[in-house]
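Below is one structure, written out as structure tokens; the observations come after it.
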Amino acid sequence: DEPIAGARPKVFGHHTLAVIPQTSTIASQLPRALGVALAIARARRLGIRSPCPTDALADCSFGDASAHHSTAQAAINAPAYSVLGSVAARAGLVLLPGFSARSFLDDARRYGATEFNAIGAMLEILMRQPERPDDADNPLRLCYTGPSPERERQEAIERRFGLEIVCGYALSESPYGLIWPHGMRPFGTLGTARQHPELGHVNDARVHDADADGVGELELRNPAIMRGYYEMPDETAAVLVDGWLRTGDLVRDNGDGTFTFVGRRKEVIRRRGENLSPGEVEAAAERHPDVQEAAVIGVPSDLSDDDVK
């Protein structure tokens with residue numbers, strides 16, 4: 001198109017907003033809009049690859065952009081992982097309109113997909129499908145997911161579908177988080193701070209205000225951290241402190257560079273003087289074959305603190 005007379009060309013700098021997605025709803029708050037230059041702009045300008053599972057060449061990535069995911073997953077997961085991961089690895093990409101456990105393996109075979117990004121309960125939903133003798137007869141070889149399943153469960157998933165699972169951690173505010181290092185399988189953990197295969201050390205992770213057991217809030221510092229919550233300066237100031245992003249997620253520092261997920265800082269239930277993660281109880285309940293979905297909440301207790309319901 002011909003330029004409009006008198007119009008000035010747009011100049012994009014290092015602080016130009018590239019994407020304004022929404023993060024998921026937290027407690028009673030409305031979804032927050034992220035004003036971000038994010039990995040999609042800032043990190044790639046620095047040469048940082050998207051959080052591709054292996055940072056290596058792939059044949060074909062497999063994902064879905066279904067609206068049944070949370071707002072943050074639909075806005076961040078598909079573009080930051082599936083799309084940019086495929087671009088970084090020079091791989092083809094199949095983006096399905098929705099997740100269907102019944103047709104998932106058939107779709108993988110049809111399109112020749114070799115990798116996929118599993119979020120939420122996708123893996124458990126797949127495991128609850130009737131087992132077939134050809135479940136492992138598929139082109140899939142790698143799955144990226146998080147938080148990390150228990151070792152026994154993870155190995156059962158890998159055996160059934162004939163693939164390897166790599167675990168990690170990220171969030172809307174910084175898709176560049178944690179991952180299992182190459183050649184390591186630290187079962188049950190989120191891995192270590194993800195680093196760039198060519199630029200080297202670009203990401204730091206630490207535990208803020210850890211208790212006696214080493215559990216505290218995970219903080220990240222890297223070039224892919226969001227600019228802030230759009231037009232929400234107070235909320236931004238609460239999570240971006242001296243260059244560090246306070247994630248709101250509680251982790252345990254294992255002392256070897258890896259971190260284990262414990263729960264959300266605002267979701268912890270205080271029971272009998274001890275902190276309890278609802279997510280851990282829910283995960284245990286949902287492993288029962290008769291339980292499809294579980295929710296754990298804290299209710300006021302006559303003995304002070306909360307009881308679990």
Side-chain angles (χ1 to χ4, degrees), residues 39-40 49-132 134-151 153-172 175-182 185 187 190-191 194 261 283 286:
I40 298 175
R49 296 180 183 179
S50 168
C52 183
T54 57
D55 288 323
L57 189 64
D59 298 324
C60 182
S61 291
F62 200 41
D64 77 79
S66 170
H68 83 275
H69 297 319
S70 72
T71 305
Q73 290 169 334
I76 293 294
N77 225 72
Y81 292 143
S82 299
V83 176
L84 283 182
S86 299
V87 171
R90 297 179 176 86
L93 171 67
V94 177
L95 198 59
L96 301 175
F99 171 66
S100 170
R102 182 176 301 178
S103 63
F104 186 81
L105 291 178
D106 290 335
D107 287 336
R109 297 183 185 105
R110 180 180 302 111
Y111 296 110
T114 58
E115 301 181 358
F116 70 101
N117 174 30
I119 55 179
M122 284 176 59
L123 291 177
E124 281 301 320
I125 294 173
L126 286 173
M127 286 292 283
R128 295 186 184 192
Q129 294 300 299
E131 193 164 353
R132 302 188 311 193
D134 65 344
D135 279 346
D137 183 15
N138 66 75
L140 294 170
R141 65 169 185 260
L142 182 67
C143 167
Y144 174 77
T145 192
S148 179
E150 293 184 0
R151 178 171 183 167
R153 189 59 169 171
Q154 178 169 333
E155 290 179 334
I157 298 170
E158 292 176 331
R159 285 193 302 269
R160 176 173 172 180
F161 299 113
L163 50 80
E164 178 183 349
I165 296 174
V166 175
C167 301
Y169 165 90
L171 66 166
S172 305
Y176 217 77
L178 311 174
I179 195 170
W180 283 9
H182 288 289
R185 286 173 59 83
F187 291 99
L190 301 175
R194 181 191 294 269
F261 180 78
E286 289 173 352

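Positions are given from 1 along the sequence.
- In this structure, the separation between CG on Leu190 and CD1 on Ile179 is 11.0 Å, given to the nearest 0.5 Å.
- Side-chain contact check for Glu115 versus Tyr144: every heavy-atom pair is 4.5 Å or farther apart.
- Across Phe187 and Gln154, no two heavy atoms sit closer than the pair CE2-NE2, 3.8 Å.
- Atom CD of Glu150 has 12 or fewer neighbouring heavy atoms from other residues, nucleotides or ligands inside a 6.0 Å radius.
- Taking OG of Ser148 as the reference point, atom CZ of Phe261 lies at 12.0 Å (rounded to 0.5 Å).
- Atoms CZ and CD1, on Phe104 and Ile125 in that order, are 11.0 Å from each other to the nearest 0.5 Å.
- Looking at Thr145 and Cys167, their side chains come closer than 4.5 Å, going by heavy atoms from C-beta outward.
- Looking at Glu164 and Glu158, their side chains come closer than 4.5 Å, going by heavy atoms from C-beta outward.
- Among all heavy-atom pairs drawn from Cys143 and Leu123, the shortest one is SG-CD2, 4.0 Å.
- In this structure, CG in Leu140 is found 9.5 Å from CZ in Phe161, a value given to the nearest 0.5 Å.
- Here the CZ-CG distance, from Arg132 to Leu105, works out to 6.5 Å after rounding to the nearest 0.5 Å.
- With rounding to the nearest 0.5 angstrom, the CE atom of Met127 is 5.5 Å from the CZ atom of Arg160.
- Checked against salt bridge (Lys or Arg N to Asp or Glu O under 4.0 Å), Arg109 has the following partners two or more places apart in sequence or in another chain: Asp106, Asp134.
- Applying the side chain to side chain donor-acceptor pair (under 3.5 Å) rule to Ser103 yields the partners Ser100, Asp107; only residues at least two apart in sequence or on another chain are considered.
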